[in-house]
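Notes follow the structure.
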Amino acid sequence: MNKSTRLIITAAAMAGLYAGSLAVRAHAAEQAGTPATKDTSKDKSSCSGKDGCKGKDSCKSKDGCKGHASCKGHNDCKGKGGCKSGDNGCKGKNSCKGKGGCGSMDQPKG
Amino acid sequence: MKPAGSRPQNLRALQRLMHRAILRPLAPGDRTQRRWTDGRTAREMAESFVKANDRLTALERLEIYNRMYWFRILDCLYDDYPGLRAALGPRRFHRLAVAYLTRHPSRSFTLRNLGSRLEAFIRRQPRWTAPHTALAAELARFEWAQTVAFDEAARPVVTAAELAKVAAGRIRLALQPYVTLLAVRHPVDAYVRAVKERDALRTEASNAAGRSRVSARLRRVARPRPERGWLAVHRVDNRLYYKRLEPAAYRMLAALRDGRTLEQAVARGGRAVTAEQVRTWFELWTQLGWICRRK
């Protein structure tokens, strides 16, 4: 690319930058590409993010996540055979409640 | 727990022992390994620092924590890597996940970072993914990019007033930290989307009354054949997107990301690009909020 062509292309890039910075952003989503999921409920704003925010402490900081029901389940072990032993392990550490596994002196906090 | 004594070093030693016990990989059957690292039985080791009670032995109490750690972190990888899981199959994915998490246990305050080294691990230890290592590494990179797009910080976008202050050729811009550019050798975007749609259909079908009629179509998504592509993984209004890019557009964006001046970046596009193409691309990227000030 020679110098004059580069200057023309750079000027075009600047024109695009100006136009984009002044444009209404609402229309941009139409050209944003393919949504990662079809279901709009499975996005950051709803705290479900990519595939759910299980185990994602980071979702706590998102406005859309505060107090959202889908943020529950951080301790969820479903799908991992965690319930096989019959210790109600699907609720994670809290499963030991009532079993004496976490005596009142050393009850886990998280 | 048995009392550790009042001295801080005793507490530190107890914490380290508990940490090692919790992070130790599970034995078959998802149980705590029956031998400790020094050859003692796990029961002996557990009894050295955990109290039994009237219902559970010391080892059983310790096992609750050991299992919970592994169930939780495996669950996180399972959720974050549906494409990789589908490409490898559930058993191989599980073996890969255990090997990876044994080598790279959770070390962050947030489980969001759990998969940050997965691509590198796959490339370094191809035995877990062979003969699909190249695809597996690309899927790991692509799915990690979604984690980044999901919650990486957004910086102030560049404004017209700021653009006016600097000579066009010398201006250095940056890409938003949440935008990841990927040059891939498989159409991982289409594949992962197909897997997610299949999984969603499966969930719907399994919730419906006639679940026995779930078709074979729902059971498997064929692994993608090699096909080069250039992608940006990003978010708009809190929604994740995969955007395919022209190779020239990819090169320009990569140059901006790497700190080149605007003039240097547009030169990376090559001779074939036109001024109109470049104007259109930059307008869209700015509208999408990808272009921001360099720190």
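In what follows, every chain begins at residue 1, and chains take the letters A, B, ... in the order their sequences are listed. Atom set for the values below is all heavy atoms of this structure, side chains included, hydrogens, waters and symmetry mates excluded.
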**Asked** Out of B:Val158, B:Thr159, B:Leu163, which one pairs with A:Tyr18 under the side-chain contact (heavy atoms from CB on, under 4.5 Å) rule?
**Response** B:Leu163

**Complete:** Bottom line for B:Leu284: the part with an atom under 4.5 Å from chain A's heavy atoms is side chain

**Prompt:** When rounded to the nearest 0.5 angstrom, what distance separates CD in B:Gln287 from CG in A:Leu22?
**Reply:** 10.0 Å

**Prompt:** For B:Ala52, is it the side chain, the backbone, both or neither that has a heavy atom under 4.5 Å from a heavy atom of chain A?
**Reply:** neither

**Request:** Mind running side-chain contact (heavy atoms from CB on, under 4.5 Å) on B:Glu263 and A:Lys3 for me, showing each step along the way?
**Result:** CA-CA 10 Å; B:Glu263 188 175 343; A:Lys3 182 141 180 90; 3.9 Å; yes

**Message:** Can a donor-acceptor pair be found, under 3.5 Å and without considering hydrogens, that links the side chain of B:Arg193 to the backbone of A:Pro35?
**Reply:** yes

**Toward chain A, the part of B:Thr280 with a non-hydrogen atom under 4.5 Å** = neither

**Asked** At their closest point, which heavy atom of A:Ala36 faces which heavy atom of B:Lys196, and how far apart are they?
**Response** O-CD, 3.6 Å

**Prompt:** Measuring from A:Ile9:CD1 to B:Arg268:CZ, what's the distance to the nearest 0.5 Å?
**Reply:** 15.5 Å

**Asked** Backbone N or O of A:Gln31 within a donor-acceptor pair of the B:Tyr241 side chain at under 3.5 Å?
**Response** no

**Prompt:** Given that the side chain runs from C-beta out, which part of B:Ile73 has a heavy atom under 4.5 Å from chain A: side chain, backbone, both or neither?
**Reply:** neither

**Prompt:** Just wondering, more than 12 heavy atoms not from A:Arg6 lying within 6.0 Å of its CZ?
**Reply:** yes

**Prompt:** Got a donor-acceptor contact below 3.5 angstrom from the B:His234 side chain to the A:Gly33 backbone?
**Reply:** no

**Prompt:** Looking at side-chain heavy atoms only, is the closest gap between B:Asp189 and A:Thr34 below 4.5 Å?
**Reply:** no

**Message:** With side-chain contact (heavy atoms from CB on, under 4.5 Å) as the test, pick out the partner of B:Val266 among A:Leu7, A:Thr10, A:Ile8.
**Reply:** A:Thr10

**Request:** Check whether any side-chain heavy atom of A:Leu17 sits under 4.5 Å from a side-chain heavy atom of B:Leu173, and report yes or no.
**Result:** yes

**Message:** Could you report the tightest heavy-atom contact between B:Thr286 and A:Ser21, atom names first, then the distance?
**Reply:** CG2-N, 3.4 Å

